[in-house]
K.L.:
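Supplied in structure tokens, the structure appears directly below.
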Amino acid sequence: MRIAALLVAAGSGSRFGAEIPKQFLTLAGQPVIRHAARALAAGATLLQPVGEAAAIAAALGEVAHLPPVPGGATRQESVRAGLEALVPHAPDIVLVHDAARPLIPPGTIPALLAALETAPGAIPALPVADTLKRVAGGTIAATVPREGLFRAQTPQAFRFVPLLAAHRAAGDAGDGAATDDAALLEAAGLAVAIVAGSEDNIKLTYPEDLMRLERALLGAMTPRVGTGFDVHAFGPDRKLFLCGIEIAHPRGLAGHSDADVGIHALCDAIYGALAEGDIGRHFPPSEANWKDADSARFLVHAAGRIAARGGVLANADVTLICERPKIGPHAPAMRARLAGLLGVAEGCVSVKATTTERLGFTGREEGIAAQAVATVLLPAGAVLPACG
Ligand code: CTP
Ligand code: MG
């Protein structure tokens, strides 16, 4: 059974009113569209995005997908464009999903596929609970009976051939375009089944939806804490790099890479939170590649591992332990640099320092030590197998 997923992302987000279309905003550390793309990629063999190609490719990151195709003036036209692009792949089933709905509950796709065994279309929907009013000019014109009324969500699942035929028959409907795909099957007289929708499957429409989605997404994640510790000795003819910043100082730290002890401790904290070993496992000192390497790339790798697990860095805190240089004046630049490398807000990163009252190797200024702690939020499904 070939299952394709169509991810429509050609809208402009006019009701949301941000500077960029809402599907490219950041939600829980990742672009909105990537959340849905991951869930679809897990349930389908092909992922066809519709919309602006460069923006989509950047936002989807590591999620495998077909080349995006341009959308149309309406959602209906955008879906049609995506369906036509899928024709050469001849899928049996297509899941059509709004990029603006980042939270596809785990049971939804299996329920839709099961429903397709007896109907050509199936959608997740929720019964309307509130009393409905038709309003004209600020006053109520009528009460609309809510019996039998449901709110339609996506992904909507269809056998590919009848959906394509329904879209081709509908053509470009302009102002009368359908706002979902079930409507086209209904118009063609074909049965569309209902499976249980979810209140968490929120369509990002207005700014306040971003907060509701963040609560729903982060509330379903598990916090994981990791610690890191590193020491480098001062050595001859070296520049000093700390937390991604070059610091003017008479001596620099010796090491295989640029010896940025702060970044190394932070990387280990992140790998620790993920239970993915340590910096030496990912970048063995035995490999010549990493000689004098800019440690920034190690931190970008660690951040990439969080993203690959569908996680989010909640916060990181680095403590540098040395008599000199004095860290305070450099701390704001260090925070900004680390946050930039990690792709998080500066408020998520702390850099501070302490001396050891002239005691021990740091007190004698033989080297610098660093310790770090990081909190990573991981989706429950990614945590349970890892925790065994
Ligand atoms: N969409 C699309 N092509 C369009 C219009 C909408 O691909 N011409 C997509 C949107 O990107 C979104 C989904 O269809 O993922 C649902 O549409 P909606 O929530 O209405 O998004 P926008 O049209 O972008 O928002 P607005 O109506 O507020 O402008
Ligand atoms: Mg719209």
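Counting starts at 1 for both ligands and their atoms, following the listed order.
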K.L.:
Does a donor on one side chain and an acceptor on the other come within less than 3.5 Å for T131 and R146?
P.N.:
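There is such a pair (donor and acceptor under 3.5 Å, judged by atom type) between the side chains of T131 and R146.
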
K.L.:
For ligand 1, indicate whether the residue P21 contacts it via side chain, backbone, both or neither (heavy-atom separation under 4.0 Å).
P.N.:
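Neither; nothing of P21 gets under 4.0 Å from ligand 1.
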
K.L.:
With atoms numbered from 1 as shown, which atoms in ligand 1 lie under 4.0 angstrom from a non-hydrogen atom of T74?
P.N.:
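It comes down to these atoms of ligand 1: 3 (N), 4 (C), 8 (N).
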
K.L.:
Strictly less than 4.0 Å: does any protein heavy-atom distance to atom 17 (O) of ligand 1 fall in that range?
P.N.:
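False for atom 17 (O) of ligand 1.
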
K.L.:
Please work out whether the ring planes of H301 and F283 are parallel, tilted or perpendicular, with thresholds of 30° and 60°.
P.N.:
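If you compare the ring of H301 with that of F283, the planes turn out perpendicular.
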
K.L.:
Does ligand 1 have an atom under 4.0 Å from some heavy atom of K22?
P.N.:
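Under 4.0 Å: yes for K22.
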
K.L.:
Please check whether A99 reaches ligand 1 - meaning an N/O of the residue sits under 3.5 Å from an N/O of the ligand, judged on distance alone.
P.N.:
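Min N/O separation from ligand 1 is below 3.5 Å for A99.
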
K.L.:
Out of G72, A36, A10, who is nearest to atom 8 (N) of ligand 1 when you count heavy atoms only?
P.N.:
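Residue with the shortest heavy-atom distance to the ligand atom: G72.
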
K.L.:
Answer with yes or no whether the hydrophobic clustering places F241 together with V261; edges join I, L, V, M, F, W, Y residues whose side-chain heavy atoms lie under 4.5 Å apart.
P.N.:
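Not linked; separate clusters.
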
K.L.:
Among the heavy atoms of A9, does any lie under 4.0 Å from an atom of ligand 1?
P.N.:
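So A9 counts as touching ligand 1.
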
K.L.:
Within a reach of under 6.0 Å around CG of D237, are more than 12 heavy atoms found that belong to other residues, nucleotides or ligands?
P.N.:
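Atom CG in D237 is not packed in, count stays at 12 or less.
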
K.L.:
Do D317 and S350 pair up side chain to side chain, a donor and an acceptor below 3.5 Å, judged on atom types alone?
P.N.:
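On atom types as modelled, these side chains qualify, holding a pair under 3.5 Å.
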
K.L.:
Measuring from the heavy atoms of T205, does anything fall under 4.0 Å of ligand 1?
P.N.:
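Checking ligand 1 against T205, which is what was asked, there is no heavy-atom contact under 4.0 Å.
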
K.L.:
Please compare R75, K203, R101 and report which has the shortest non-hydrogen distance to atom 4 (C) of ligand 1.
P.N.:
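Among R75, K203, R101, the closest heavy atom to atom 4 (C) of ligand 1 comes from R75.
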
K.L.:
Side chain, backbone, both or neither: which part of Q23 has a heavy atom under 4.0 Å from ligand 1?
P.N.:
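Within the 4.0 Å criterion, Q23 contacts ligand 1 through side-chain atoms alone.
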
K.L.:
If you measure every N or O of F16 against every N or O of ligand 1, does any of those distances drop under 3.5 Å?
P.N.:
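Looking only at distances, the answer is no, because the N/O contact criterion of under 3.5 Å is not met.
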
K.L.:
Between H167 and D181, is there a side-chain donor-acceptor contact under 3.5 Å, judged purely by atom types and distance?
P.N.:
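There is such a pair between these side chains.
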
K.L.:
Relative to the heavy atoms of A73, which atoms of ligand 1 are at a distance of less than 4.0 Å?
P.N.:
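Reading through ligand 1 atom by atom, the close ones are 8 (N).
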
K.L.:
Take a 6.0 Å sphere around CD of E357 and say whether it holds more than 12 heavy atoms from other residues, nucleotides or ligands.
P.N.:
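No, the 6.0 Å shell around CD holds no more than 12 heavy atoms from other groups.
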
K.L.:
Does some non-hydrogen atom of G71 fall short of 4.0 Å from ligand 1?
P.N.:
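No; G71 lies far enough from ligand 1 that no heavy-atom distance drops under 4.0 Å.
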
